[in-house]
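Just so you know, these numbers come straight off a predicted model, no measurement behind them. Letters A, B, ... are given to chains in the order of the sequence lines, protein chains preceding strands, and every chain is numbered from 1.
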2 protein chains.
Amino acid sequence: MSLKTTSTDRARPGDSRMRVGAKDVARLAGVSTATVSRVMNSPEQVDPDTRRRVTEAAARLRYVPHGAARSLRSHRSKMIGAVIPSFDYALYARTTSALQQRLDERGYSLVLAEHHYDLGAELRVAGQLMEHGVDALVFVGLDHDPNLFGLLDDYGRPYVLTWGVDPYRRHPSVGFDNHAATYEMTRHLLALGHTRFGLLSAPVDGNDRARARGAGMRAALAEAGLQLDESRVAYAPISLAAAQAGMERLLALPSPPTALVATNDVFAVGAMMACRQAGVRIPQDISITGVDNTDLGATQTPGLTSIRTPIIEIGVAAADQLIARLEGREHQDFQSFPIEIIHRGSTGKPAAG
Amino acid sequence: MSLKTTSTDRARPGDSRMRVGAKDVARLAGVSTATVSRVMNSPEQVDPDTRRRVTEAAARLRYVPHGAARSLRSHRSKMIGAVIPSFDYALYARTTSALQQRLDERGYSLVLAEHHYDLGAELRVAGQLMEHGVDALVFVGLDHDPNLFGLLDDYGRPYVLTWGVDPYRRHPSVGFDNHAATYEMTRHLLALGHTRFGLLSAPVDGNDRARARGAGMRAALAEAGLQLDESRVAYAPISLAAAQAGMERLLALPSPPTALVATNDVFAVGAMMACRQAGVRIPQDISITGVDNTDLGATQTPGLTSIRTPIIEIGVAAADQLIARLEGREHQDFQSFPIEIIHRGSTGKPAAG
DNA sequence: TTGTAGGCGTTATCAG
DNA sequence: CTGATAACGCCTACAA
């Protein structure tokens, strides 16, 4: 049995463990609870003098409204749910940070869940967020368990997909063109004269971003009459060590690539490490490119050529869209932000011969 | 009387906008709502056959319990709140990720807020989390607005401070010895023969970690009969650019440091960039050390000597402690994890003469 | 093992 | 502009 002070002690003076409720504020201010509620939710409807009395009483008692009761009655929780692959990954962390800041400015809180690239887990945690009564939901990517959309439909509240724009316009989404990112990058490498390409990618299953990025590269190659040799493709979960291991395999090939496209900066830096250890010079022996333009890549020697993606913009736009929808204001269901190659020292012409 | 569409109506196209409630499940399973509730919350009290019927009915109707109603009645929301400085910062993101994973395993969700190093904002968002009815709270660091603890006391629910251990044992806390981190690092640099030290630190106001790390360095120097020249100290907000600017100032001094202690890896890498641009060689001209042993530092050339801090352990321990307290199980209020120097190429003996 | 019934604290409705 | 009152959907005694 617990030795904790029990709630029966609350009768004792000075040990008032009772929660302060609207009723207490109402009594102190000499009004009804309805008026207290109005002061909290639509102050303009209340006489300034009454309002002041209530505000003071609330402050004096340190009244904190009971969110659950409010949600139950009003069907609004002032919470937004977000399900992301992992925020032990700089990108999603930054987007999520932007999202949270924007929500906070508008008086919303963020309930966050990860799924670690398991779409079944994503479905499960999305259900938990609905259980908590979030007013709207944010997801990453376009690939999801088919049941997710049924669940969302039942739930009947706004949601938005991020980091990609649904080409079929079935689901509101904000992001950028993942396909174009690697397409442009590959064009850049082709222009430098490369013909032997390698690809370091995240597993594409359930990951539309990785899939689109791989496709973008292949499209650019096809336009140049080239085809990606599948033996020069390595898949790895997003971690430096895994990327490094994948790159070691590519370097050990009889004729390794002279240009490596990594689908994100973490992979690119892992590849750089493998090159350093193997004595392969960048960019003299191999050019390496990333996507997302993170600090990790920018601070390498040489600096990593990468694609700047709208990491912050996505978070802000997602927040703005959802809040606009919740408040019945105008909004855009689909938004695609521009991207841009950032040239640094990790790319160059292939070695002659 | 309820006007809810019954389960037979739900096939009707387009009209099923009514939320499915326990009542609907009860009707379909031929039991009372009390039994539905029992199946959800204490299944072992229900006859296996009844349980199965209810479970099936719930699945069929895709019943999602209404968390707000549950919270209101049961005083448990199954949500844990965390307030962190920023998760656009790899460290806190990783700790938070570990925290979230652990909570998820135990059936809790995470409500997250940032304060961007503003203790007033921290107090405010903590109040919001309480409003949402979180069952417990996690904070970063030992420095907080004095009113925060009053608020927490009113709230009467568990909380834990992280990334430091309260020396006075006033507040449950899990972390490590920030003072020791830079103390050990400075000893290492002293042993290499350095005497002219620089410090690159976060602003110490309201940031006990930064303060303790600065103090640890000064303590080691004092033991060696040295004193840190305040002109060789630069303060910067946590960003590469700010750190770089701070380091540029130190490098421009008449006699710049031969050893730089940065209070975290981001600062150290910013300093490295400033050195590269200024043509200052690492470690021949200057040794640089970080704290936290992040990928960012590990992948630099040369690799950054840093202190491994218990980033993951803190998150797991915080989750475990709070859940144990919520469930009335045994737990440790105070936990300090070990740290360790990771030697890489960024440190060496000072140039002769 | 299961059902009945009341209320958690707030807000929406309606009347004054 | 303000007050009285009835839900919101669930859980928990208590009774059967």
For residues 126-133 of chain A, dump all side-chain donor-acceptor pairs below 3.5 Å to protein atoms at least two apart in sequence or in another chain.
from	atom 1	to	atom 2	distance (Å)
A:E131	OE2	B:R70	NH1	3.1
A:H132	NE2	B:S109	OG	2.9

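- In terms of heavy-atom proximity, B:I312 sits nearest to B:R94 at CD1-NH2, 4.0 Å.
- Between B:D333 and B:Q321, the closest heavy-atom pair is O-NE2, 3.4 Å.
- Annotation: the terminal axes of the helix from C:dT1-D:dA16 to C:dG16-D:dC1 meet at 30°, where each axis is the rotation carrying the C1' atoms of four end pairs onto the next four (5 pairs per end, rounded to 10°).
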**Report entry** Under 4.0 Å protein heavy-atom contact, by nucleotide of nucleotides 9-16 of chain C - B base, S sugar-phosphate only
**Finding:** BBBBB---

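- Taking the charged nitrogens against the carboxylate oxygens, A:R19 and A:D24 have no contact shorter than 4.0 Å, which rules out a salt bridge.
- Between A:T35 and D:dG3 there is a side-chain N or O to OP1 or OP2 distance below 4.0 Å.
- Proximity of B:T50 to the phosphate of C:dT2: a side-chain N or O atom is located under 4.0 Å from OP1 or OP2.
- Summarising the geometry of A:E114 relative to B:S97, their closest heavy-atom pair is OE2-OG, 2.9 Å, with the distance given to 0.1 Å.
- Note on A:E56 versus A:R60: no salt bridge recorded, every NZ/NE/NH1/NH2 to OD/OE distance being 4.0 Å or above.
- A salt bridge does not link A:D135 with A:K78: every distance from a Lys NZ or Arg NE/NH1/NH2 to an Asp or Glu carboxylate oxygen is 4.0 Å or more.
- Listed by chain and residue number, A:N147 satisfy the side-chain hydrogen bond (donor to acceptor under 3.5 Å, both in side chains) test with A:D145 (two or more places apart in sequence, or in another chain).
- B:Q45 places its CD atom 13 Å from the P atom of D:dC11, with the value rounded to the nearest Å.
- At a non-hydrogen distance threshold of 4.0 Å, nothing from residues 51-58 of chain A comes into contact with DNA chain D.
- In this structure a side-chain-to-backbone donor-acceptor pair under 3.5 Å is present from A:D143 to A:N207.
- Residues forming a side-chain contact (heavy atoms from CB on, under 4.5 Å) with A:V165 (at least two apart in sequence, or on another chain): A:S173, A:F334, A:S336.
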